[in-house]
Amino acid sequence: MQLPFPLAEDPEAVAAETGRKLFAGPSEFLKGVVAMSGLPPADRIEVCFAGRSNVGKSSLINALTGTKGLARASNTPGRTQEINFFTQGPELYLVDLPGYGYANAPLAVVEKWQRLLKQYLSGRQTLRRAFVLIDTRHGVKKVDEEIMKLLDSAAVTFQVVMTKADKVKEKDRAKILDQVRDALSKHPAAYPEIVLTSSEKGDGIATLRSVIAHLD
C-alpha cells in the first residue's frame, strides 16, 4: 500500500534535463514588493516559497538557481517584510515570501504583512504552486499550520519541501515524516507528494527543479 504523501522520486533523465535547462539560464533579483501595486507584470508563470524563519529558504533558492548569494539570508529572522521577486530566465518568477513566525516584529507590521500575503495569494493568476518549506529536524509547527490554512482558503496548491534532511539520521526521518503526513492530510490544497532536500549536500535539488519545470 502506498503511503499518503509519498516522497518524490528522482526524475528520469529527460525530466531532469528539462529542469536543469530551466535553471541553467540567468537568475537575477528583480524587486522587493511591499504592496500589490508594486507587483511585476503577470507575464510568466511563478512559484513562491514560504517557510518559517531559519528554515533554509534562502539556501534552497540559491541551490536551485546555482547562484550563490542570490537570496540573502538575514541575520535577524523575519526582518525582511517584502515579497522578493527573482527572474529565472525569461520564463519564470521565483517568489520569496518573508519568513513567518517572527516573534520580534511589532503586531502592526505582522498584520500588514498578513494582509499583503492574503492579497497576493488570492489575486495572482500566474501563481502555479506554493512550496512550503519544513525543517526536517522539527516537522510541522503551529506557524506552518497557519500558512497552510491560508493557502487552503486562497485555493493555492502547495507542496511541502523538507529542508536540511542531511541533519537528521535516516532512521529518525520516518517519525518526522509521519507527523508531516498527518498534518498535510488535514489540508485540501496540499499536493500529494513531498520533496526531501538538502541545500548543503545538493540532495533533492534536481527533483525540485524538475517539479517546477513541469508545472502547467
Side-chain angles (χ1 to χ4, degrees), residues 7-32 44-80 82-101 127-140 144 147 158-170 173 176-177 180 191 193-215:
L7 293 178
E9 296 181 357
D10 293 339
E12 295 181 0
V14 173
E17 179 62 9
T18 302
R20 187 199 69 76
K21 283 182 177 178
L22 175 62
F23 284 91
S27 311
E28 297 179 357
F29 173 71
L30 179 64
K31 65 188 303 189
R44 65 196 76 183
I45 68 167
E46 60 195 63
V47 296
C48 68
F49 298 85
R52 65 178 180 270
S53 301
N54 288 336
V55 76
K57 188 152 48 66
S58 296
S59 297
L60 182 71
I61 291 172
N62 292 339
L64 270 177
T65 60
T67 308
K68 189 175 180 180
L70 179 69
R72 302 180 188 279
S74 170
N75 291 328
T76 305
R79 181 175 169 186
T80 304
E82 297 179 336
I83 298 177
N84 290 312
F85 278 78
F86 302 90
T87 56
Q88 179 56 52
E91 302 173 37
L92 177 69
Y93 284 134
L94 302 174
V95 185
D96 182 10
L97 304 178
Y100 52 80
L127 178 62
R128 289 295 181 269
R129 186 168 298 174
F131 292 98
V132 176
L133 278 52
I134 302 294
D135 192 322
T136 307
R137 298 171 300 179
H138 306 304
V140 174
D144 300 314
I147 191 75
F158 70 87
Q159 184 167 6
V160 160
V161 176
M162 306 291 290
T163 62
K164 306 182 184 181
D166 59 306
K167 307 296 184 187
V168 179
K169 293 179 180 177
E170 195 164 344
R173 283 184 200 162
I176 293 291
L177 284 169
V180 173
Y191 186 80
E193 198 173 64
I194 296 169
V195 183
L196 196 66
T197 69
S198 164
S199 299
E200 193 172 304
K201 303 288 187 183
D203 299 340
I205 299 303
T207 302
L208 186 53
R209 285 173 176 166
S210 178
V211 168
I212 294 170
H214 289 88
L215 293 174

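With contacts defined as side-chain heavy-atom distances shorter than 4.5 Å, the pair D135/R52 qualifies. Side-chain contact between F23 and I205: absent, with no pair of heavy atoms (C-beta onward) separated by less than 4.5 Å. By the 4.5 Å heavy-atom criterion applied to side chains, T87 and F85 are not counted as neighbours.
Residues satisfying the side chain to side chain contact (heavy atoms under 4.5 Å, CB included) criterion with L127, sequence neighbours excluded, are E46, C48, Y120, L121, R124, V156. Shown here are the side-chain hydrogen bond (donor to acceptor under 3.5 Å, both in side chains) partners of E200, two or more places apart in sequence or in another chain: K167. By the salt bridge (Lys or Arg N to Asp or Glu O under 4.0 Å) test, R44 pairs with no residue at all, sequence neighbours left out. Listed by chain and residue number, P11, A15, H214 satisfy the side chain to side chain contact (heavy atoms under 4.5 Å, CB included) test with S210 (two or more places apart in sequence, or in another chain). In this structure E17 satisfies the side chain to side chain contact (heavy atoms under 4.5 Å, CB included) test together with R20, K21, sequence neighbours excluded. Checked against side-chain hydrogen bond (donor to acceptor under 3.5 Å, both in side chains), T136 has no partners two or more places apart in sequence or in another chain. Qualifying ring pair (Phe, Tyr, Trp, His ring centres under 6.0 Å) partners for Y191, counting only residues two or more places apart in sequence or in other chains: none. The ring pair (Phe, Tyr, Trp, His ring centres under 6.0 Å) search around F131 returns F49, not counting sequence neighbours. Every residue meeting the side chain to side chain contact (heavy atoms under 4.5 Å, CB included) condition with D203, not counting sequence neighbours, appears here in chain and number order: S198, K201. Contacts of R173 classified as side-chain hydrogen bond (donor to acceptor under 3.5 Å, both in side chains), with partners at least two apart in sequence or in another chain: none. In this view, S27 and Q88 satisfy the side-chain hydrogen bond (donor to acceptor under 3.5 Å, both in side chains) rule, not counting sequence neighbours.
Side-chain atoms of N62 never come within 3.5 Å of backbone atoms of K68 as a donor-acceptor pair (strictly under, hydrogens ignored). Side-chain atoms of R137 never come within 3.5 Å of backbone atoms of V168 as a donor-acceptor pair (strictly under, hydrogens ignored). Remark: side-chain polar atoms of T163 are paired, donor with acceptor, to backbone N or O of V55 under 3.5 angstrom.
The distance from atom CG of L7 to atom CG of L196, rounded to the nearest 0.5 Å, is 5.5 Å.
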| task | Show your reasoning for whether side chain to side chain contact (heavy atoms under 4.5 Å, CB included) applies to T67 and F29. | result | CA-CA 11 Å; T67 308; F29 173 71; over 6 Å; no

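A side chain to side chain contact (heavy atoms under 4.5 Å, CB included) with V160 holds for exactly one of L133, I134, V140; it is I134.
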